[in-house]
Colleague: 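Below you'll find the structure I mean.
Numbering of ligands and ligand atoms starts at 1, following listing order. Both backbone and side-chain heavy atoms feed into the values below; hydrogens, waters and symmetry mates do not.
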Amino acid sequence: MTISVQGVVSRGKGEPVQIAEVLVPEPGPGEALVRVQACGVCHTDLHYKMGGIGDDYPYLLGHEAAGVVEAVGDNVTDVAPGDFVILNWRAVCGQCRACKRGRPWYCFATHNATQKMTLADGTPLSPALGIGAFAEKTLVAAGQCTKVNPAIAPATAGLLGCGVMAGIGAAINTGGVTRGDTVAVIGCGGVGDAAILGARLAGAKTIIAVDIDDRKLEWAKEFGATHTINSRSSDAVEGIRDLTGGFGADVVVEAIGRPETYKQAFFARDLAGVVVLVGVPTPDMQLDLPLLEVFGRGGALKSSWYGDCLPSRDFPMLVDLHLDGRLPLEKFVSETIGLGDVEAAFTKMEHGDVLRSVVIF
Ligand code: APR
Ligand code: ZN
Ligand code: ZN
């Protein structure tokens, strides 16, 4: 039976988002119906609203979520009604060329629900990142539900579904940060702070936070930054080199997605070091680097898609570390809000007033 819930919908480019009635079908084969308990407000939701991702309006926004499985369709064996899950946007297929090469965290054919959620008049909705969790209930592919220990607060857990995982994974999975490394993180929003936290968890010796906002640098220290640089008032590259014996950092994470900060990351890296780009650029951006330096500095220039995470491996592990007191994920939750407050949360996000606003149901 189709059910009716309230959801946050973006109807057209740049228009304020609205709460609308959303019709959610009963789960079919391979699908799961999830009662959402918490969903964070991410930049990607704002990009959808602003037309930066596509033109498939209306969008059902929200994708950093945790909740309880309410019903499953046929052929679903991994999750069952009552399971507490974090929703992911990497339900790996097991069949594509990445999966077949044994690298499922790159899966090129991830699963989403087959059936469409709709508006009351039957207009199909495009769920953000195949999730659409600013809604009391949402329909996803069962593989998008990752079961974790239910002792974690839903608001905290949901953030692992996107931005926090992207940051932690950028440091640990993509950057390969390990004990004794020197690490710099350029851009200390939610993603950058999560990279700092990941670097600390991995045992980095020096963690340098770079931002243009002193407030952000103060927060970065709480996540484990050992040094901070305000790159508005001083040179980021020189500062990072000074703090690393004149050499540069072993791993530099760029968590903004801009050519000028990518260049800083490139030049602030030690020989044979790694640059990780986790910030998402826009289509107009170009990068210009001396090719001889690209060769001469060696190492690796990598992009991190969703922290190169494998949800089934990483989410339960990170939740358990959190519950063990070793990963203070709750610090990313700046405020909890209602479903009607998403538009206001976008404004706060644009002003840099929050790491994450989280809708609680
Ligand atoms: N130099 C240094 N820091 C900067 C600069 C700059 N030129 N421009 C912006 N920043 C800082 C901001 O002050 C802010 O603290 O970068 C941070 C960006 O953080 P948020 O806007 O909160 O974004 P976040 O959610 O962390 O995402 C960062 O990762 O996943 C992607 O789409 C996401 O591209 C975005 C990036
Ligand atoms: Zn695959
Ligand atoms: Zn996101």
Colleague: Any heavy atom of His43 sitting closer than 4.0 Å to ligand 1?
Modeller: yes
Colleague: How about CZ on Arg215, more than 12 heavy atoms from neighbouring residues, nucleotides or ligands closer than 6.0 Å, or not?
Modeller: yes
Colleague: What heavy-atom pair brings Cys188 and Asp211 nearest, and what distance separates the two atoms?
Modeller: N-OD2, 2.7 Å
Colleague: Taking N or O atoms only and a 3.5 Å limit, does Lys216 qualify as a polar contact for ligand 1?
Modeller: yes
Colleague: Can you find a non-hydrogen atom of Gly352 under 4.0 Å from ligand 1?
Modeller: no
Colleague: Return the number of protein N, O or S atoms with a distance to the Zn ion (ligand 2) smaller than 2.8 Å.
Modeller: 4
Colleague: If we only consider heavy atoms of Ala166, is any one of them less than 4.0 Å away from an atom in ligand 1?
Modeller: no
Colleague: With a cut-off of 4.0 Å, which atoms of ligand 1 are near a heavy atom of Gly279?
Modeller: 29 (O), 31 (C), 34 (O), 36 (C)
Colleague: Tell me who clusters with Leu60, hydrophobic residues only, linked when side chains sit under 4.5 Å apart either directly or through other members.
Modeller: Ile3, Val5, Val9, Val22, Val24, Leu33, Met117, Leu119, Leu125, Leu139
Colleague: Side chain, backbone, both or neither: which part of Val278 comes within less than 4.0 Å of ligand 1 when only heavy atoms are counted?
Modeller: backbone
Colleague: Distance under 4.0 Å to a non-hydrogen atom of Thr261: what atoms of ligand 1 satisfy this?
Modeller: 1 (N), 6 (C), 7 (N)
Colleague: Counting neighbours of CZ on Phe108 that are heavy atoms of other residues, nucleotides or ligands and sit closer than 6.0 Å, is the number greater than 12?
Modeller: yes
Colleague: Val354 versus ligand 1: do any nitrogen or oxygen atoms come within less than 3.5 Å of each other?
Modeller: no
Colleague: Go through the steps to decide whether Glu218 and Lys221 satisfy the test salt bridge (charged side-chain N to carboxylate O under 4.0 Å, His left out), and finish with yes or no.
Modeller: CA-CA 5 Å; Glu218 281 308 309; Lys221 281 191 213 161; 3.2 Å; yes
Colleague: Heavy-atom distance to atom 16 (O) of ligand 1: which of Cys162, Gly52, Gly187 wins?
Modeller: Gly187
Colleague: Report yes or no: does Ser231 have a heavy atom closer than 4.0 Å to ligand 1?
Modeller: yes
Colleague: Take every heavy atom of Gly257, measure it against each atom of ligand 1, and state whether any distance is under 4.0 Å.
Modeller: no
Colleague: Taking the Zn ion (ligand 3) as the center, what protein N, O or S atoms are found at less than 2.8 Å?
Modeller: Cys42 SG, His63 NE2, Cys162 SG
Colleague: Transitively linked via ILVMFWY side-chain contacts under 4.5 Å: Ile256 with Val275?
Modeller: no
Colleague: Below 4.0 Å from any atom of ligand 1, is there a heavy atom belonging to Arg356?
Modeller: yes
Colleague: Given Ile256, Val41, Val164, which has its nearest heavy atom closest to atom 10 (N) of ligand 1?
Modeller: Ile256
Colleague: Taking side chain to side chain contact (heavy atoms under 4.5 Å, CB included) as the definition, give me every residue that meets it alongside Arg101, ordered by chain and number, with sequence neighbours left out.
Modeller: Arg103
Colleague: Parallel, tilted or perpendicular: which fits the ring planes of Tyr57 and Tyr59, with parallel below 30° and perpendicular above 60°?
Modeller: perpendicular
Colleague: Considering Asp211, Asp213, Ile186, which one's heavy-atom position lies nearest to atom 13 (O) of ligand 1?
Modeller: Asp211
